[in-house]
Amino acid sequence: MRTIEFIVLASLAMGSLAASINHPVKTVGGLVSGLPGKDPSIMAFKGIPFAAPPVGDLRWRAPGQVAPWQGVRRGDKFSASCIQHIVAERKPWTHEFMAHGEISEDCLYLNVWSGANSPAEKRPVFVYLYGGGFSEGSASVPVYDGEGLAQKGLVVVTINYRVGVLGFLAHPELTNESAHRSSGNYGLLDQIAALQWVHDNIAGFGGDANRVTVAGESAGGMSVHDLTASPLAKGLFQRAIIESGGSNIDRAGIPGPHTLAEAEADGQKFAQSKGAKSLDQLRAMSWQELTESAAGGPTGPGLRFAPIIDGYSLPAPVREIIAQGKQNDVVTLTGANTGELGGFGPSQGPPSQDVHDRALVSMYLWARERSKTAHTKVYEYLWDHALPGPDAERFGAFHTSEVPYVLNTLYMSDRPFTDADRKIAAMMSSYWANFAANGDPNGKGLAQWAPVDEKQEIMELGDKTGPIPVASSPAKFQFFEKLLTTPGPSPQEQARWIEPGLGATLPAEVQFDDALGRLGVVNASGPVNTQGHPFFEPLGVNGRACVTCHQPAYAMTISVSAIRERWSATHGKDPLFAAVDGSNCPDLPQDKESSHSLLLNRGLIRLAIPWPPSSPKGRPEFSIEIVSDPTGCNTGATYGLHSANPAVSVFRRPRMAANLKYVTNPNPQFALKLGGMADLDPETGRPVSMNFMADAREPSLRSQARNAGLQHGESHGPLADALVQRIVDFESQIYVAQIFDRSAGNLAEAGGPPALGPRAMAEHKPGVLGDNDYDPVFQLFDAWKQPPPAPSPQAEFRASVARGNDVFMFRQFWLRDATHINSIGLGNPLKRTCATCHNAQMTGQDLSAGWVDLGTTNYPTWTEPPLYSESRELPVFKITCDKDAPPHPYLGRVIYTSDPGRALISGRCVDVGSIVLQQFRGLAARAPYFSNGSMKSLRELVDFYDRRFDMKMTELEKQDLMNFLGVL
Amino acid sequence: MRFPIQPLLPLIIALPALAQQKAFVACPVVRDTKTVPCFLADYQGETYFLGIQQDITAAFYPPQLLHEVLVEGVVAAGPRVCGGIPLNPLHVSVLPELNRACNTILPAEPGIDAPPAKRPAGPSTRLAPVSTAAVPPQKPEPPFIEREFVIQYDFDSDFLFARNTRQLTDIAEYARVSKAQTVEVIGYRASTLLSNGSLLTEKANVSRLRAERVAEVLKGLGAPASAVRWISEPAAANGATDYQNRRVAVRVSP
C-alpha cells in the first residue's frame with residue numbers, strides 16, 4: 001500500500017509538469033499509471049493487460065478476462081513480446097523495425113499514448129497492429145512508438161497478439177473443446193479482445209470509443225482485413241487503415257486461407273512432429289519444445305500458422321464476406337509500396353512497368369469490387385520514398401518503409417534523415433491523423449487526396465505526391481483488368497508457361513500435358529508464390545528469370561516445341577530469345593528466326609566458355625582451332641576465340657532444375673573419373689557431386705545460381721545471398737516425373753512400379769547405387785509383369801514397359817571406347833548393360849561424378865551431320881593435344897569435336913567430348929535429348945545407342961526400351 | 001623408350017630365374033565367353049591369360065582395346081585358363097598411346113570358359129554387391145610408429161584408381177590418428193626390363209605428377225604433406241620386380 005501511495009504521488013507530481021490526463025486511469029482491471037513521454041505533454045501507459053495470460057491450460061484458448069488487480073499498476077514498461085524468434089535485424093529491416101527484449105507466453109498487453117487533458121476531450125483513437133507474417137512482431141517495436149501520432153491529437157494504442165504456433169494452431173481436439181466448435185484463430189481473437197478493451201476503457205484516456213481506427217501493416221494489415229470481416233469485431237472500430245496488407249484482387253501465387261479442416265490437419269501433423277499424442281501432451285510441453293524448429297512460425301514443410309476460416313471469428317474468406325455485403329463497412333485507407341510490388345521480400349531495384357501496372361490495377365479493382373456492397377469510401381496510395389540508410393538505393397521504398405513516416409516516429413531510428421524526410425513524415429502522419437479523426441485524410445496544407453472512383457487513379461505519396469493513373473496506358477489497364485477479373489485459368493494453364501514477373505501460382509501438385517501423357521510436378525514445400533520470387537522474377541536487363549529456361553511444365557527445362565510456341569506467340573520478343581545466349585551469336589540480327597536456329601531447332605543455349613580455362617594448374621594440355629563455324633560466333637571479332645575476351649562458344653540444352661537432391665548428392669570424396677579428389681565447394685569446404693552441369697564447372701547450386709544470374713540473366717550485379725538461397729531452396733524442393741501415360745494409364749497408382757511418378761521422386765532417398773538385380777535403378781516392375789486378369793491394350797503396354805526395364809537393366813552389349821567408363825579400370829570393352837553407367841537409383845545418372853565421352857560430340861561417333869555437310873549447325877573444333885600430355889584414350893592427340901565438354905574447364909586432353917550424364921525423368925515433356933539436342937525423339941535416342949555400341953537390338957527391344965523411357 | 005639389348009646382357013645373366021618371368025608389350029585380346037570376357041595377350045607364339053572382367057573392387061583391372069598392354073608376370077603352374085597360360089603374380093599396365101591395331105575380340109567358343117566371376121556381365125547380384133560409396137577407413141591401432149605406405153601405378157600413369165584411393169584414405173587416417181609430425185611424399189619413376197631385353201622407361205615427369213597428385217589428395221583428406229619430392233632417375237630394372245618401382249612412398253612419422 002505504501003508503494004502504491006508513492007507511485008500515485010510520483011505520478012501526480014510528474015503530471016503536474018505538463019498538461020496531461022489525470023492518472024492513474026481506471027480500467028476494467030484496475031488503476032494504471034503512466035509516464036510522460038519525450039514530449040511531456042504526452043502520457044504513455046505501457047504494459048496494460050487486456051486479457052488473462054494465455055498460459056498453462058489457457059494456451060490455445062480464446063483470450064480470457066483480465067484478473068482485476070489492486071492498487072495502481074505501473075504502466076512504465078512494455079510487456080514481453082509474444083513467443084517468437086527474436087532477430088536483431090534482417091536487412092532492409094534494421095533494428096528499429098524489429099522486436100527486441102523479453103518474450104513470453106504471458107504477452108497479452110497493450111500500450112496507450114495520450115495527450116488528452118481529460119476524458120471529455122474524446123480524441124480519435126488509433127489502434128495499431130504489427131506485421132511480421134503472423135510469426136513475429138511486437139507492440140514494442142521501436143517504430144511503432146505512439147508518441148508521434150499522439151502529438152497529432154490521437155490516442156494511440158499498440159497491442160500484442162499471439163503469433164506462430166501459439167497464436168494459430170488448429171487441432172480437432174481444440175475444436176472439440178471449444179464452445180464454438182472452432183480452433184486456430186487465437187491471435188485474431190486477441191486482436192478483437194484488445195479492440196473490446198479499447199471500446200470499454202479508452203474513454204478514461206481521453207479517447208473516443210466511437211471514433212476508433214484499426215490500422216496495421218503487412219500481417220497487421222491482413223489482420224485489419226480479417227477484422228472487417230469478423231462478426232466478433234462489429235462495432236469495435238469505425239475506420240480501417242491497411243498498409244501493404246493485400247488490398248488487391250490478385251491471388252496469383254498467394255495461397256488462400258486454410259479451412260478449419262485443412263488447418264486441423266496441419267495441427268495434427270504438427271502434433272505428430274512433436275511426438276504428442278494428445279492435446280494434453282501438447283499443452284504440457286514448454287514453448288521452447290513447441291517452437292524449437294519453428295522460430296515461432298511455421299514448423300515444417302507445408303505447415304502454416306496464420307488466420308484461417310475457422311467458422312467463428314472468420315465465417316468465410318474476406319472476399320466472399322464483402323461480396324455478400326456482410327462486412328463491417330468502415331471507411332478505409334489502404335496502399336502499397338513501390339519496393340514491394342514484386343513481392344514482400346527485400347527488393348532489388350524498381351519493379352518493371354508491367355509489375356507496377358499489374359499491382360496498381362489490382363489494388364484499384366479491389367476497391368471497385370468492394371464498392372459493389374460497401375457504402376463507405378476507400379482512399380488508396382502508392383508509397384514511393386526510399387528510406388535513407390544502408391543500401392537505400394537497392395531497397396528503395398521497401399515493405400514497411402512507410403511506417404516511421406505515417407506514425408511520425410523518425411526519432412526512433414538512427415538513419416540519416418534529412419529535412420525532406422521530416423517534411424514527408426509530417427505530411428504522411430497528417431494524412432493518417434486526419435483520417436483517424438474525420439474518416440478523410442485531407443486537411444489544411446495537404447495535397448488533395450480523392451477517394452477511389454471511376455477515374456482509375458490513386459494517390460502517390462512520398463517523393464512525389466499527387467494522383468497517378470493506376471496503369472501506364474488505357475490498354476495496359478484493360479489488359480490487366482481482363483487478366484485479373486476473367487475467371488482464372490486453371491493452375492495448370494496459369495503455369496503452362498510462366499512469364500517472369502507476371503505472377504502465377506505453382507500449386508503443390510500439378511500436372512501438365514506432354515507428348516506421351518502428363519508430367520507430374522510436386523513442390524514438396526507446398527504451393528509456390530511466384531510473385532516476387534527470385535526464381536520467377538527478371539534478374540537483369542534482358543528480362544529473363546530462371547524460370548524462362550526452367551519451366552515446370554517442361555520438366556524444369558524447356559522443349560523445342562515450347563520454344564517454337566514462344567517464338568510464334570511473341571514474334572521472337574520473349575526474353576528467352578535474348579541476344580546474349582538465346583541467339584546463335586549476339587552480333588547477328590536478332591529479329592531473324594535464322595539467328596536463333598540452334599535454340600529453335602535444338603533447344604540450345606549459347607555458352608561462352610573463357611579460353612584458356614582458369615581452373616587447371618598451368619596451361620591447358622591442348623590447343624584449339626576452329627574448323628567450321630556456322631554461327632560465326634567463334635570466329636567473330638567480338639565474341640570469338642581470338643577476340644579481346646577469348647571464348648569458345650558451345651551450344652547446350654538447359655538441364656532439369658528438379659529432382660536435385662539426387663543430382664547434388666555428393667558421392668565419395670574421390671571422383672573415379674578424375675583419378676583424384678572431387679572438387680570442393682569453396683563455401684563449405686565439402687566435396688561436391690560434380691554432377692549437375694554438363695561440364696561440372698560450378699561446384700554448387702548457389703554458385704550456379706549466381707553465375708546464371710550474371711550470364712544468362714545479365715543481372716545488374718551478383719545476386720544477393722538471400723535471393724540465391726531462395727532460388728536454391730525452390731530448386732531443391734521441386735520434383736518432376738511422368739505421372740500419366742496415354743497407353744499405360746496412371747503411373748503412380750498404389751501397387752504399381754514404385755519408382756514412377758513425382759511423389760516417388762520426392763520421397764525416395766538419394767545416393768543409392770542401382771546397378772544391381774535386387775534394388776535396381778528404377779526399382780522393380782514386377783507389378784506390370786503379372787498376367788492381367790483380362791488382356792487389354794493397357795496391360796500389353798505395361799508389359800512392354802516392364803520388358804523395357806529389363807532391356808535397360810540386363811541386356812548385355814559391348815560397352816567400349818567410352819572415356820571415363822572403360823578407362824577407369826573397368827577395361828575396354830566391357831560386357832555390361834545400360835545400368836552400368838546409368839546407375840543412380842531414380843534418375844539413371846552416374847552416381848559418381850558423371851562426365852563421360854559417350855561420343856555424341858566427337859568425331860567419328862558424333863551426332864552431327866558429317867563435317868562436309870551443308871546442314872551442319874554446330875561448330876567444329878580441332879583439338880591438338882600436347883605430345884607430353886596423356887592423350888584422349890580412344891581418339892588420340894588430334895580430335896574433331898562439336899563440343900569439347902569438360903575439357904574446356906579442366907584443360908585436359910583426356911576430357912575432350914566428355915559430358916555429364918543427365919537424368920532420365922520427365923523425358924516426354926522435354927525433347928530433344930543429349931546436351932546438343934541432337935536426338936529429337938526417344939526413337940532417335942534408342943537408335944543412336946544401338947549404333948554407337950553395336951547393340952543389335954531387335955525391333956521389339958527398341959520399342960520396349962522407348963516405352964520404358966517414356967513413362968519415367 | 002626401348003633400348004637395344006646389348007648393354008643389358010650382364011644384368012639378364014645375373015637373373016637366372018627369368019625363364020618363367022615374362023615382361024612384354026602386346027595388344028590385348030578379348031575372348032568372349034558365355035559369362036564374362038577373358039583378357040589375353042599373345043607373345044612369341046604363346047597366349048597368356050591375363051584376367052577376366054570384374055569391377056573396380058577387384059584386384060585385376062583389365063587392359064583396353066586400342067591400347068597395348070605391358071604385361072609383367074610369372075608363368076604359373078596349372079592348366080590353361082580361357083585358352084591362355086596363367087601368370088601369377090601379374091601386373092598389367094595399359095599404355096597410354098593409341099594403337100588402333102589392338103582391336104581383337106574373339107567370339108565365345110564351346111569349351112573355352114572364363115573362370116567363375118564374382119560379378120556377372122550385367123548388374124551386380126546380392127551375393128556380390130558393389131559400392132562406390134566411400135569405404136570407411138580402418139581405424140589404426142597403436143603402436144604408432146613411423147610407417148611407409150606404398151602406392152603402385154600402371155606404367156606411365158599417375159591416375160589414382162579406386163583401389164589407390166581406398167589406400168590413401170587409410171594413410172590419411174593413420175596420419176590423423178597417430179598425430180603425425182611429418183608426412184613425406186616421394187614420387188618415383190621406373191624402367192621395365194622386357195623379356196626381349198629392351199628397356200621401357202616411363203616418361204620423365206611422371207614421378208613429379210605422382211607425388212603432386214598424392215599430396216593433393218592427402219591435403220584434401222586432411223593430412224597435408226610436410227614434404228613432397230620426387231626422384232626422376234629410374235631405379236635399375238631387373239625384369240622381375242620392376243613394377244614395384246612405379247610408386248609413391250608416403251612416410252608417416254608420428
Side-chain angles (χ1 to χ4, degrees), chain A residues 617 666-680 685 687 767-777 808-814 816-817 822-836 839-840 846-848 883-893 910, chain B residues 28 30 32-33 35-37 39 51-56 58 60-67 94 96-100 105 120-126 128-135 154 156-166 168-169 203-205 212-214 216-217 219-221:
Chain A
K617 297 170 198 161
N667 202 31
Q669 292 152 306
F670 294 103
L672 295 175
K673 294 173 177 61
L674 280 171
M677 296 287 286
D679 283 358
L680 301 179
V768 178
L769 184 69
D771 181 18
N772 60 64
D773 64 357
Y774 48 92
D775 189 17
V777 177
F808 173 80
M809 284 302 306
F810 303 114
R811 169 63 157 76
Q812 292 173 12
F813 59 93
W814 290 115
R816 62 170 296 178
D817 304 344
N822 298 101
S823 61
I824 60 167
L826 290 168
N828 187 32
L830 183 63
K831 192 177 165 186
R832 284 280 190 85
T833 74
C834 303
T836 292
N839 56 47
D846 188 345
L847 206 57
S848 66
K883 62 181 172 44
D884 296 332
H888 184 291
Y890 308 113
L891 297 173
R893 288 203 160 79
V910 71
Chain B
V30 179
D32 195 13
T33 75
T35 58
V36 293
F39 287 83
I52 57 169
Q53 172 187 303
Q54 300 261 22
D55 60 38
I56 55 168
F60 173 71
Y61 284 5
Q64 298 183 40
L65 292 186
L66 304 189
H67 291 267
V94 175
E97 296 303 321
L98 200 60
N99 185 340
R100 295 194 183 278
I105 302 178
S124 65
T125 64
R126 219 174 253 293
V130 174
S131 173
T132 62
V135 178
D154 280 6
D156 255 356
S157 170
D158 63 322
F159 193 87
L160 291 167
F161 290 104
R163 60 187 171 207
N164 307 122
T165 56
R166 285 193 288 274
L168 282 162
T169 309
K203 63 186 176 186
N205 64 349
E212 286 179 347
R213 192 184 284 225
V214 165
E216 185 185 325
V217 170
K219 185 179 170 191
L221 294 174

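Hydrogens, waters and symmetry mates play no part in the numbers below; they use all other heavy atoms, side chains included. Every chain is numbered from 1, with letters handed out A, B, ... down the list of sequences.
- Side-chain N or O atoms of B:Q64 include none that pairs as donor or acceptor with a backbone N or O of A:P829 at under 3.5 Å.
- Put simply, of B:K203, B:R163, B:H67, the one with the most heavy-atom pairs under 4.5 Å next to chain A is B:H67.
- Formation of a donor-acceptor pair under 3.5 Å by the B:S124 side chain with backbone atoms of A:D771 is found in this model.
- Taking every heavy atom of both residues into account, A:G825 and B:F161 meet most closely at N-CE2, 3.7 Å.
- Both the backbone and the side chain of B:P96 come within contact range of chain A, with heavy atoms under 4.5 Å apart.
- Pairing each heavy atom of B:Q53 with each of A:R832, the nearest pair is NE2-NE, 3.8 Å.
- Not a single donor-acceptor pair under 3.5 Å links the side chain of A:K831 to the backbone N or O of B:G122.
- Neither the backbone nor the side chain of A:L680 comes within contact range of chain B; no heavy atoms are under 4.5 Å apart.
- Across all non-hydrogen atoms, the minimal contact from A:L672 to B:A162 is CD2-CB, 3.8 Å.
- Contact detail for A:D817 and B:L66: the closest heavy-atom pair is OD1-CD1, 3.7 Å.
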Side chain to side chain contact (heavy atoms under 4.5 Å, CB included) assessment of A:Y890 paired with B:L65: CA-CA 9 Å; A:Y890 308 113; B:L65 292 186; over 6 Å; no
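- For a residue to count as touching a neighbouring chain, one of its non-hydrogen atoms must lie under 4.5 Å from one of that chain's; by this rule B:I105 touches chain A with the side chain only.
- Residues A:S823 and B:F159 are not in side-chain contact: their nearest non-hydrogen atoms beyond the backbone lie 4.5 Å or more apart.
- Under the 4.5 Å side-chain criterion, counting only non-hydrogen atoms from C-beta, B:L221 is in contact with A:M677.
- With respect to chain B, the highest number of heavy-atom pairs below 4.5 Å among A:R811, A:H888, A:Q812 belongs to A:Q812.
- Contact tally against chain B (heavy-atom pairs below 4.5 Å) for A:V910, A:L830, A:D775: the top residue is A:L830.
- Panel note: side chain A:N772, backbone B:P123; no donor-acceptor pair is recorded below 3.5 Å.
- Not one N or O on the side chain of A:R893 forms a donor-acceptor pair closer than 3.5 Å with the backbone of B:L98.
- Heavy-atom pairs under 4.5 Å with chain A were tallied for B:D154, B:V214, B:D32; the largest tally goes to B:D32.
- Heavy atoms of B:R100 lying under 4.5 Å from chain A belong exclusively to its side chain.
- In this structure, the portion of B:V30 lying under 4.5 Å from any heavy atom of chain A is its side chain and not its backbone.
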